[in-house]
Protein chains: 2
Amino acid sequence: MAPRTRRSQRRTEALSRERIVEAAVELLDTAGESGLTFRALTERLATGPGAIYWHVADKDELLDAATGAVVAAALAVEPATHAEAAELAKPAESPDSPQDKIRAIAFGLFDAIEDHPWLPTQLALQLSRSPWGSVTPQIFEGIGRQVRALGVPEGHWFTATSALVHYILGATGQNAANAANAANTASARTLAPDVDREEFLDAASKAWGELDPDDYPFIRAVAAQMREHDDREQFLAGVDLVLTGITALHLPGEQDRTTPPAT
Amino acid sequence: MAPRTRRSQRRTEALSRERIVEAAVELLDTAGESGLTFRALTERLATGPGAIYWHVADKDELLDAATGAVVAAALAVEPATHAEAAELAKPAESPDSPQDKIRAIAFGLFDAIEDHPWLPTQLALQLSRSPWGSVTPQIFEGIGRQVRALGVPEGHWFTATSALVHYILGATGQNAANAANAANTASARTLAPDVDREEFLDAASKAWGELDPDDYPFIRAVAAQMREHDDREQFLAGVDLVLTGITALHLPGEQDRTTPPAT
DNA sequence: TCCACTATGGAGCGGTGTTCCAATACTGGA
DNA sequence: TCCAGTATTGGAACACCGCTCCATAGTGGA
């Protein structure tokens, strides 16, 4: 059982589930997924494993909680923060449209991986391990409300929402690797603009380019675009693609409100 | 280094990377992800860890190889095997259309999780860990060729293919949990039709239905559909949704060839 | 004052991935 | 045919992990 009431102060700040989760997130951020260890955690919190296990059942549960906390923070950001990206692509569209809100959620998660490179892996794990956990529903709910607001008929809510969520989580995950590289060196947003990100993409697209041309003609063909693409733009294009599918399929009267044919 | 030439027979079948990967897949299938242990592997192959490490660098590399082998097998199945599902939804469409081939690939992977419940987790992990590995390109290439065949302009190949691949892998993953349950009891295809699958979905949708109605109104609303939906049908609907987005966005002249407005 | 209960920290257990190394199987050349 | 020398093997040992168990300390109520 967990502590029920808050008690008087101790010499050191009392241990709590929140403090543990917070420490776990920091460890994940600074030391990577393999850095989150009960040993490291006990050292950081100046306690023993037993104390931690009184607040948390499992390492899995701890990972769940850490992921949930980060996702909640990412979803709680002011939607306007990410409006730039949305307006970047559709200046003519109402800024409060469900489409824009979906894009805002998507970018909220997309941007969260910059500080938390371990996020996509955990999201993917929890999606395929326990979809009914505490974190997947957060995302599903956020996207789903906007799908409903779009006017999608109720019978298709699940499919439409799933398509969006899966794309967002998948694409976010694919971009995790480079983000991890960028984050490992110095503060991410500084000038020195991703020297090793280039290096990394070089290696990746080189690896793809070196695949057997007979077996992988398509991949070799897109390897070039891979190197030049802008992550956020590409990501947004994918979200809009799914949005287009939803509106074209379920809102026959409103195709014009979605992305016009690309240039 | 790996063995270069095949040698004469030994008393026991010579150890080889193939034999190791094969054993790993069997262990994963029968004992789950936690069942793949170097100890279990050495016992099954009647050897020591050192011998295995001469053929395989890492446990990660072993998992990669196992995943790659299973994916290759799944993609190699006769496309007609899964045509049923495609025709189920669009009897009027040419059976060899790129759309149908994409659906066939999707169902190939979808069906593979029945025998290999660990697949989606590994796919998700490798997608977010090393997208340039040996398994992601296989899927990307297969889907990408059909995207190209659809007539999508080259500049959008990457986005369109990504959207499809991410949806397929994500949705496959989400369905992994129930499949795992179904597989754990007796042979999967037998009569006794998923007693515990129902049980499982009950628990899942019940858990969703019990979420705080104030925080999760949307999820509670779809929890009902969740229980009744047919996995394959739902999965197909998602694939078609993305396909519709692709054609509507990039092939303005051919919307009529894709899914008509649902009933 | 005593007691039941919450909460803590540490010793230690079983198990894991991995390394290291001595011993063996095998090969090509003398 | 024998003999280096390399390719391959099996097993002991290591460092580390998640986790359990337990003796103990703090706390509030009777």
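Only a predicted model underlies this, so the values are computations on that prediction, with no experimental measurement involved.
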- Note on the structure: Rounded to whole Å, CZ of A:R17 lies from C1' of C:dT8 at a distance of 18 Å
- Send over the distance from B:W54 CH2 to D:dT6 P, rounded to a whole Å. 14 Å
- B:T172 and B:L109 have their tightest heavy-atom pair at CG2-O, 4.4 Å
- Message: Using a 4.0 Å cut-off on heavy atoms, which residues in residues 118-126 of chain A reach DNA chain D? List them by number, or say none.
- Response: none
- Going by heavy atoms in the side chains, are A:R39 and A:E43 under 4.5 Å from each other? no
- Does one side chain, of B:Q126 or B:T136, offer a donor that lies under 3.5 Å from an acceptor on the other? no
- So B:F235 and B:F110, ring-ring contact (aromatic ring centres under 6.0 Å, His included) or not? Walk me through it. CA-CA 9 Å; B:F235 179 64; B:F110 190 87; 4.5 Å; yes
- Taking CG from A:L63 and C1' from D:dG18, how many angstroms apart are they, rounded to a whole number? 12 Å
- Task: Please report, rounded to the nearest Å, how far the P atom of D:dA12 is from the OH atom of B:Y53.
- Result: 17 Å
- Task: Compute the centroid of each ring, for A:Y216 and then for B:F140, and state whether the two points are separated by less than 6.0 Å.
- Result: no
- Query: Taking CZ from A:R19 and P from C:dA7, how many angstroms apart are they, rounded to a whole number?
  - Reply: 14 Å
- Residues touching DNA chain D, which here means a heavy atom under 4.0 Å, drawn from residues 21-41 of chain B: none
- Task: Give, for atom CD1 of B:I219 and atom CG of B:D212, the distance between the pair rounded to the nearest 0.5 Å.
- Result: 12.0 Å
- Length of the CD-P vector between A:E43 and C:dG10, whole Å: 11 Å
- Message: How long is the straight-line distance from CG of B:L27 back to CZ of B:R44, given to the nearest 0.5 Å?
- Response: 5.0 Å
- With no hydrogens and no angle check, do the side chains of B:T121 and A:S128 hold a donor and an acceptor under 3.5 Å apart? yes
- Send over the distance from B:H55 NE2 to D:dT8 P, rounded to a whole Å. 7 Å
- Task: Working to the nearest 0.5 Å, report the span between CG of A:D58 and CG of A:D64.
- Result: 9.0 Å
- Task: Let me know the distance between NZ of A:K59 and C1' of C:dG15, rounded to the nearest Å.
- Result: 15 Å
